[in-house]
**Student:** 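Please read through the structure below; I'll follow up with questions.
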Protein chains: 2
Amino acid sequence: MAQKVKLSTIAETLGVSTATVSLALRDSPLVALSTRDRIKEQARALGYIYNRRAASLRTSRSGIIGVVVHDIMNPFYGEILKSIESELDRDRQTFILSNHYDSVEKQRNFIETLLQLGGDGVIMSPAIGTPPEDILLAEDNGMPAILIARSIDGLDVPIFRGDDTYGISLATNHLIGLGHRVIAMVGGTDQTSTGRDRYQGYVNALRKANIEVDPALRIPGPRSKQGGFEAAVNFLSLPQKPTAAVCWNDLVAIGLMNGIARAGLVPGRDVSVTGYDDLEEASIATPSLTTVWNGQSEVGRSAARALLDKLSGSHEPDGIHLIKPEMRIRQSTGPLRHNGHDH
Amino acid sequence: MAQKVKLSTIAETLGVSTATVSLALRDSPLVALSTRDRIKEQARALGYIYNRRAASLRTSRSGIIGVVVHDIMNPFYGEILKSIESELDRDRQTFILSNHYDSVEKQRNFIETLLQLGGDGVIMSPAIGTPPEDILLAEDNGMPAILIARSIDGLDVPIFRGDDTYGISLATNHLIGLGHRVIAMVGGTDQTSTGRDRYQGYVNALRKANIEVDPALRIPGPRSKQGGFEAAVNFLSLPQKPTAAVCWNDLVAIGLMNGIARAGLVPGRDVSVTGYDDLEEASIATPSLTTVWNGQSEVGRSAARALLDKLSGSHEPDGIHLIKPEMRIRQSTGPLRHNGHDH
DNA sequence: ATAGTTTAAATAAACGATTTAAACGACCTG
DNA sequence: CAGGTCGTTTAAATCGTTTATTTAAACTAT
């Protein structure tokens with residue numbers, strides 16, 4: 001490796017000061033145009049590489065933004081991340097990604113690392129049980145946080161997420177409209193705000209239609225394809241013989257449909273299934289999945305935008321921002337058939 | 001935000017020098033044990049946050065490792081990333097992730113950013129058409145690179161990947177063993193080393209079984225679930241009426257099966273389908289997918305390990321490292337049925 | 001010509017850590 | 001008691017930028 005090229009290398013070979021070089025490379029009008037060109041040309045010729053840690057030590061702006069979610073391999077977060085990425089790219093910000101797998105400790109480690117690196121801000125979907133202090137740690141050290149997808153009680157930090165209560169009621173109403181009366185809810189957990197909101201939305205819809213809410217029709221837990229697949233056994237052996245399932249998300253729904261198919265029943269005909277999120281995959285599943293679009297791209301885009309705005313001081317995006325979900329009707333739901341699915 | 005706490009803050013409140021504090025916090029035996037304890041306690045009490053950019057400016061080691069792949073949302077890379085993550089975590093290295101979506105330019109930007117941040121090393125699955133210079137840019141600036149999954153010709157950099165030629169021949173042989181003679185190959189591209197290797201493996205297996213290779217049985221292109229789904233139409237209208245398909249990867253295979261099912265045929269009975277990679281999803285697909293395990297976890301783990309070893313100077317992992325793939329037989333393949341799949 | 005402006009470049013002090021050589025005191029030892 | 005050793009601490013240089021302040025040169029206007 002050749003000797004490292006720095007500002008002073010350029011300065012010396014050109015007989016100017018490092019200050020001039022620094023200014024010139026950032027196109028400051030304080031430097032004469034001709035000098036600027038000469039300097040830039042020389043920088044290129046020498047293969048100069050800007051040292052951001054030296055710069056940020058001085059300026060205390062690193063251009064680094066952290067993003068931490070439950071699991072980046074989960075396509076729901078994947079779609080959010082994609083839109084965050086494209087928004088941050090536009091502003092030439094580097095983003096550091098991490099999973100917390102719902103471990104508060106792993107999440108705290110990440111925040112600490114980010115602080116050490118001088119991160120400018122952080123976008124996060126907080127781990128289950130995140131204490132407000134962990135977020136305050138970031139804020140108190142000058143690193144603003146924006147929440148996505150999940151809320152934390154007792155914390156005044158901007159948050160962007162879908163309107164879960166409303167969204168799940170859309171799905172439930174759709175099934176009720178098709179004549180279903182025994183509707184199970186598969187997956188999710190009461191430990192997150194999202195989990196509580198979705199269950200509430202389901203309950204609300206049933207009540208409004210004068211259908212009695214039977215807690216035994218709730219199969220909590222599953223949040224993945226694998227989970228939905230395994231829940232099928234459980235679902236099919238419910239004594240109430242549900243004719244439809246409102247699932248926690250698309251993954252659970254697809255897994256559940258696979259499980260149902262494995263048992264010899266036809267999802268969409270014998271049992272109606274709804275998903276949630278409207279992942280790309282929903283439309284190519286067999287049968288294609290009736291689901292609720294949860295505004296992933298919108299959530300990611302606005303959260304990133306909000307953070308950038310906050311950093312540039314243009315305005316404070318405080319409070320909660322709800323994205324309105326939309327129904328997507330496909331083949332996995334159909335009218336109630338009176339012969340049911342006796343097996 | 002309270003006044004920022006730095007080494008000198010601790011030093012002053014304790015009446016020692018910053019040198020002592022620096023040494024103490026890193027547990028140097030040069031500092032008396034009692035002093036060390038006093039200092040660490042004070043650091044905690046004041047909420048001191050280590051400033052890595054200041055440190056790395058001096059030491060030129062940042063603790064940052066870059067990882068760039070085609071698309072982190074692709075579960076194949078996801079599984080690799082997961083094992084890289086856990087290996088790097090163990091060494092308390094921060095990793096910065098990026099997609100290049102096969103854009104050489106995006107990839108170069110990433111490498112440049114990483115250099116600016118003083119990245120210690122980079123693990124990458126190079127974009128299609130990556131010129132060797134782009135990798136050398138990293139190496140020449142003291143940032144060693146390790147390749148995964150894809151090779152680049154004319155470059156002497158360690159690489160870890162599955163043995164594609166061998167792996168795909170396993171799948172092809174499996175189908176031949178079941179009696180199939182008209183076997184299509186769906187997906188992939190000749191633009192990557194992987195693509196060429198897999199096609200070669202397929203051709204080799206057919207030749208060895210004295211089956212004529214018909215180039216028209218190759219449907220190149222698809223690499224995603226969506227792609228496989230769309231390729232089904234194409235596949236089903238081939239005049240040769242193939243009874244089996246060797247797919248580029250699990251995603252294509254699952255998409256293809258969905259497409260086949262949509263056309264009223266039963267994958268695994270009317271048409272045999274093999275995948276490649278053995279993603280978690282393969283076993284819960286309907287029907288469960290016969291596929292080839294491609295050693296993702298192994299690739300990720302060893303690549304990360306190799307980089308860490310190289311950084312610590314313990315040893316150079318030069319050359320190519322091939323992971324041996326293994327067959328996973330499930331429900332999506334079955335013996336040739338002589339009534340075929342006329343439709 | 002002279003004072004006053006403008007423009008261009010240079011000087012030097014940060015930023016917050018690490019590290020090396022030197023200082024210091026206490027404690028031997030012959 | 002001069003000199004050496006050992007354990008602990010520190011002063012000062014350094015890493016590569018940015019930026020406020022100075023300085024120098026070049027115009028302008030009177």
Side-chain angles (χ1 to χ4, degrees), chain A residues 1-40 42-43 46-64 113 115-120 141-142, chain B residues 1-40 42-43 46-64 113 115-120 141-142:
Chain A
M1 167 181 45
Q3 210 42 244
K4 192 155 275 175
V5 178
K6 38 188 167 175
L7 286 191
S8 66
T9 318
I10 303 180
E12 280 160 23
T13 62
L14 246 40
V16 298
S17 76
T18 63
T20 307
V21 177
S22 170
L23 261 2
L25 290 180
R26 280 171 303 144
D27 239 332
S28 158
L30 292 176
V31 176
L33 203 62
S34 61
T35 323
R36 259 186 270 173
D37 288 344
R38 226 158 31 102
I39 291 178
K40 285 194 218 154
Q42 180 76 329
L46 294 178
Y48 169 70
I49 287 174
Y50 180 64
N51 187 327
R52 249 154 82 163
R53 31 210 220 296
S56 87
L57 180 55
R58 181 64 223 257
T59 61
S60 54
R61 268 290 231 129
S62 64
I64 291 179
T113 301
L115 284 170
Q116 295 186 353
L117 292 173
D120 293 337
N141 285 89
Chain B
M1 167 180 47
Q3 208 44 241
K4 192 155 273 175
V5 179
K6 38 186 166 175
L7 284 191
S8 66
T9 318
I10 304 180
E12 279 161 22
T13 61
L14 245 39
V16 296
S17 74
T18 61
T20 308
V21 177
S22 170
L23 262 0
L25 289 179
R26 280 169 303 145
D27 238 331
S28 159
L30 290 176
V31 176
L33 204 62
S34 61
T35 323
R36 258 185 272 172
D37 288 344
R38 226 159 30 102
I39 290 177
K40 286 193 219 157
Q42 181 74 332
L46 294 179
Y48 170 69
I49 288 174
Y50 180 64
N51 187 329
R52 252 153 84 162
R53 31 209 220 294
S56 87
L57 180 56
R58 180 63 223 257
T59 62
S60 53
R61 268 290 231 127
S62 64
I64 291 180
T113 301
L115 283 171
Q116 295 185 352
L117 293 174
D120 292 336
N141 285 89

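First the proteins, then the strands, lettered A, B, ... as listed; each starts at 1. Predicted model only: the values in this text are computed from it and were never measured. The analysis underlying the following values was restricted to heavy atoms, covering all of them including side chains, and did not include hydrogens, waters or symmetry mates.
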**Student:** Rounded to whole angstroms, how far apart are CZ on B:Arg61 and P on C:dT18?
**Tutor:** 14 Å
**Student:** Ignoring backbone atoms, test whether A:Thr20 places a side-chain nitrogen or oxygen under 4.0 Å from the OP1 or OP2 oxygen of C:dA10.
**Tutor:** yes
**Student:** Is there a donor-acceptor contact under 3.5 Å linking the side chains of B:Ser22 and B:Arg26?
**Tutor:** yes
**Student:** Under 4.0 Å from OP1 or OP2 of D:dT19: is there any side-chain N or O of A:Ser22 that close?
**Tutor:** no
**Student:** Distance check needed: D:dT17 P versus A:Leu25 CG, whole Å only.
**Tutor:** 9 Å
**Student:** From the options C:dA9, D:dT8, C:dT18, select the nucleotide whose nearest atom is closest to the side chain of B:Ala32.
**Tutor:** D:dT8
**Student:** Is A:Arg26 near enough to D:dT17 that one of its side-chain N or O atoms lies under 4.0 angstrom from OP1 or OP2?
**Tutor:** no
**Student:** Are B:Tyr48 and C:dG16 close enough that a side-chain N or O sits under 4.0 Å from OP1 or OP2?
**Tutor:** no
**Student:** Starting from C1' on D:dT8, measure out to CD1 on B:Ile39 and report it in whole angstrom.
**Tutor:** 11 Å
**Student:** Does B:Thr59 put a side-chain nitrogen or oxygen below 4.0 Å from OP1 or OP2 of C:dT19?
**Tutor:** no
**Student:** Nearest whole Å is fine: how far is C:dA12 C1' from A:Leu23 CG?
**Tutor:** 15 Å
**Student:** Both B:Ala54 and A:Tyr50 contact DNA chain D. Taking the nearest nucleotide for each, which residue is further toward the 5' end?
**Tutor:** B:Ala54
**Student:** Rounded to whole angstroms, how far apart are CG on A:Leu33 and C1' on C:dA9?
**Tutor:** 15 Å
**Student:** Closer than 4.0 Å, any side-chain N/O of B:Arg53 to the OP1 or OP2 of C:dA17?
**Tutor:** no
**Student:** Whole angstroms only, please: what is the CG-P distance between B:Leu57 and D:dT17?
**Tutor:** 9 Å
